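Please read the structure below before turning to the comments.
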Amino acid sequence: MDSLQENTTTPTTLTSKYSNRVLIKTIVEPIDGGNSLLEERIIIGGWVKSSKEVKKEPLPPPPPTDDHGPAMASSGPKEKDVSCVEILQSRIPFFRTIIRVLAGTAGGANNYPLRDKLESIIPKPPPPPSTLFLQVSDGSCVASLQVVVESAMASPSTLLPTGTCIWVEGTLKKPSMDGKHAFELRAQKILHVGKVDQDKYPLSRKRLPLDTLRDSAHFRPRTTTVASVMRIRNALTFASHTFFQNNGFLYVQVPVITTTDSEGFSEKFQVTTLIDKADKEDQNTASVEGVSLDVVKSAIKEKSNIVEELKRSDSNKEALVAALQDLQKANELASQLEAREKSNKANICEDFFSCQAYLTVSGRLHLESYACALGNVYSFGPRFRAVKSQSPKCVADMWMVEVEMAFSQLEDAMNCAEDYFKFLCKWVVENCPQDMEFVSKRIDKSIIGRLQSIISTSSEKVTYTEAVRVLEKVTEKAFEIKLEWGIALTTEHLSYLADEIYKGPVIIYDYPKAAKPFYARLNDDGKTVAAFDMVLPKVGRLITGNQNEERIDMLAERIKKLGLAREQYEWYMDLRRHGSVKHSGFCLGFDLMLLYTTGLTDVRDVIPFPTSFGKANN
């Protein structure tokens with residue numbers, strides 16, 4: 001029981017429960033302005049963000065004395081007693097002069113070893129005393145705390161460098177000098193110092209650009225911008241769980257490794273333990289990477305027809321020779337591909353899972369199985385796409401919030417998605433005021449006003465067909481991809497709708513069936529599906545969702561028509577065979593939501609350790 005007793009020396013509301021230190025946030029951001037802590041002795045820990053050293057005036061020399069007694073009498077006030085050490089230190093320059101003279105007469109002007117030996121006997125004068133002013137941050141808030149340390153407690157060269165970790169005990173007081181700080185901690189005891197190699201520490205330079213900081217992902221949370229973004233990320237994570245838990249959803253973890261292509265023909269990362277064996281195989285297979293056997297066989301058929309035509313005509317024998325050589329190369333390539341396919345099928349039984357497995361692209365199919373048993377469920381985690389893109393809004397692994405609701409239809413999913421989005425906007429404004437104020441000043445001045453307007457207004461809702469009609473009327477901009485009904489709206493199309501036409505969030509629904517995944521429910525017109533996207537200014541598509549196809553015959557037809565491997569989806573179709581129900585859901589790009597709430601433009605700046613095409617540092 002004793003180990004569970006509250007700490008009586010420091011209030012538990014202020015002290016971190018597991019490290020016996022006071023968070024700087026509780027000093028600089030309390031309701032009472034921190035005055036309740038004045039004159040209290042506390043412990044804080046953090047990292048030096050900036051520092052300065054103020055030299056003190058040197059001590060006056062001791063009063064003169066005669067050769068036979070105490071200091072000469074003075075008519076003024078009594079002088080302070082002077083210690084033997086202070087007297088000795090005041091005579092050090094005199095002693096050094098004598099040593100130089102003696103060393104010079106004893107061994108000549110160049111007798112440096114003797115001089116050094118004699119000088120080493122006399123102690124060097126201590127550096128002049130100084131006061132160190134350290135701006136210390138512990139990551140709990142935007143503001144830092146000024147810590148005042150006397151140089152007698154620790155070497156200034158150890159404490160002053162940016163990035164130094166300091167754990168210190170002292171008394172909280174009003175600042176000794178006017179400035180922006182309401183408080184300062186007068187250090188009385190240094191408990192720990194984590195030194196920094198200033199020449200190698202990447203944050204020694206001030207105001208590094210965000211793209212440079214990406215190369216130091218392990219250090220960048222010590223910067224004010226990235227720290228604020230991570231606190232906002234934490235708040236949005238908590239808000240997500242709060243919203244769904246308050247609305248009766250159950251949290252379900254879906255698998256990261258799966259045998260199912262959740263969207264059909266998506267770019268997947270394959271999971272295998274056979275990579276070492278593959279390296280030892282015939283290196284000729286490296287030359288056929290990315291080439292389809294079906295494409296090669298089709299090319300062989302065309303080349304054979306060309307050869308037959310040239311054989312019937314004797315007019316160009318050189319062309320016939322070239323065509324025969326081309327056909328031979330195509331046949332060799334086909335042989336290599338066939339051999340590789342046979343080898344892969346033979347080797348797959350030796351793999352860890354004895355079948356092809358992938359990092360999941362989406363967890364919605366697995367989440368459906370729990371929605372069809374538990375009602376409303378959600379999941380939150382990383383999803384992986386092997387997209388070879390340098391887009392600032394796409395990396396290899398992005399976090400998604402996925403939702404599935406039983407007994408619901410498209411309109412229910414759209415309403416839930418909009419309510420969730422508004423809840424996030426309201427939460428971050430109300431619960432992260434200092435961080436939002438910082439990103440507003442540093443990144444996007446309009447961000448707080450934009451979020452507040454979201455809370456009080458509703459999103460525009462238009463059908464895909466209406467969106468196409470609106471875009472077709474645009475004359476001041478030429479889109480890269482020609483717009484016609486049936487194509488998937490590109491990022492350029494969606495951005496123009498949100499940024500220029502509706503100037504706010506817009507929900508587009510009833511897409512052509514070819515533009516959405518196979519599991520989206522077919523509408524009565526036979527051409528569109530019950531699917532939607534929520535598109536935001538500057539960010540693009542944030543939420544995508546749909547009503548799922550609950551009719552097994554319709555689902556089977558879609559799988560067959562798209563040429564998907566039906567055996568992958570037998571378990572998914574079982575949900576329709578046994579107790580099928582109308583259900584719908586959506587997924588929100590969590591990292592994109594961070595872009596919207598912070599005003600940043602690249603997801604690599606809002607993900608702790610981003611991995612993208614051609615880059616994986618940590």
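Keep in mind that the numbers below use all heavy atoms, side chains included, and drop hydrogens, waters and symmetry copies. Only a predicted model underlies this, so the values are computations on that prediction, with no experimental measurement involved.
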Any ion pair linking [Y] and [X] (charged N to carboxylate O, less than 4.0 Å)?
X      : Y      : answer
Glu437 : Lys441 : yes
Asp499 : Lys538 : no
Lys615 : Asp215 : yes
Arg604 : Asp211 : no

Under 3.5 Å: donor-acceptor pair, side chain of [X], backbone of [Y]:
X      : Y      : value
Asp444 : Ser446 : yes
Asn246 : Thr242 : yes
Thr259 : Ala357 : no
Glu492 : Glu480 : yes
Ser228 : Thr225 : no
Asn415 : Glu411 : yes
Arg450 : Gly599 : no
Glu549 : Arg521 : no
Tyr569 : Asp261 : yes
Lys503 : Glu500 : yes

Summary of side-chain hydrogen bond (donor to acceptor under 3.5 Å, both in side chains) pairs that have at least one residue in residues 158-168, sequence neighbours excluded: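 Counting only pairs at least two positions apart or across chains, no side-chain hydrogen bond (donor to acceptor under 3.5 Å, both in side chains) contact touches residues 158-168.
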Less than 3.5 Å apart, any donor N or O on the side chain of [X] or [Y] sitting next to an acceptor on the other?
X      : Y      : result
Asp397 : Thr611 : yes
Asn546 : Ser584 : no
Glu404 : Asn548 : yes
Ser369 : Trp571 : no
Ser459 : Glu418 : yes
Tyr572 : His366 : no
Thr528 : Asn523 : yes
Tyr358 : Gln356 : yes
Lys49  : Thr224 : yes

Row check, Phe613 ring normal vs Lys388 NZ/CZ: under 6.0 Å, within 45°: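 Judged by the rule, Lys388 and Phe613 form no cation-pi pair.
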Residues Trp47, Ser137; criterion side-chain hydrogen bond (donor to acceptor under 3.5 Å, both in side chains); working and verdict: CA-CA 5 Å; Trp47 290 264; Ser137 171; over 6 Å; no
Euclidean distance, [Y] [atom2] relative to [X] [atom1], rounded to 0.5 Å:
X      : Y      : atom1 : atom2 : value
Leu159 : Cys165 : CG    : SG    : 11.0 Å
Ile559 : Phe518 : CD1   : CZ    : 5.0 Å
Ile24  : Glu29  : CD1   : CD    : 10.5 Å
Glu466 : Lys461 : CD    : NZ    : 12.5 Å
Lys426 : Asn431 : NZ    : CG    : 10.5 Å
Leu23  : Arg21  : CG    : CZ    : 5.0 Å

Is there a side-chain contact between [X] and [Y], using heavy atoms and a 4.5 Å cut-off?
X      : Y      : value
Trp485 : Pro512 : yes
Leu185 : Gln146 : no
Ile232 : Thr597 : yes
Asn376 : Leu250 : no
Ile447 : Thr598 : no
Arg231 : Val142 : yes
Ile257 : Phe269 : no
Leu588 : Met400 : no

side-chain hydrogen bond (donor to acceptor under 3.5 Å, both in side chains) evaluation trace for Thr273 with Asp351: CA-CA 6 Å; Thr273 58; Asp351 208 347; 2.9 Å; yes
Aromatic ring centroids of [X] and [Y] under 6.0 Å?
X      : Y      : answer
Phe532 : Tyr511 : no
Phe380 : Phe590 : yes
Tyr378 : Tyr251 : yes
Trp427 : Phe238 : yes

Parallel, tilted or perpendicular: rings of Phe244 and Tyr420 (30°, 60°):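 Tilted, since the angle between the ring planes falls between 30° and 60°.
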Candidate list Glu267, Glu402, Glu263, test salt bridge (charged side-chain N to carboxylate O under 4.0 Å, His left out), partner Arg383, passing option: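 The option that passes is Glu402.
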Residues Phe243, Phe249; criterion ring pair (Phe, Tyr, Trp, His ring centres under 6.0 Å); working and verdict: CA-CA 9 Å; Phe243 175 82; Phe249 286 75; 7.1 Å; no
Check against side-chain contact (heavy atoms from CB on, under 4.5 Å), Arg220 and Asp605: CA-CA 10 Å; Arg220 65 177 183 169; Asp605 299 324; 4.0 Å; yes
Test log, rule side-chain contact (heavy atoms from CB on, under 4.5 Å), inputs Leu203 and Leu213: CA-CA 9 Å; Leu203 303 186; Leu213 287 172; 3.6 Å; yes
In residues 468-475, what donor-acceptor pairs under 3.5 Å come from side-chain atoms, sequence neighbours left out?
none

Heavy-atom closest pair, residues Val28 and Ala143: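 So the two residues come closest at CG2-CB, 3.9 Å.
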Steps toward side-chain contact (heavy atoms from CB on, under 4.5 Å) verdict (Cys141, Gln434): CA-CA 8 Å; Cys141 60; Gln434 283 77 25; 6.0 Å; no
Verdict with reasoning, Lys268 to Val361, per side-chain contact (heavy atoms from CB on, under 4.5 Å): CA-CA 7 Å; Lys268 306 177 293 295; Val361 172; 3.9 Å; yes
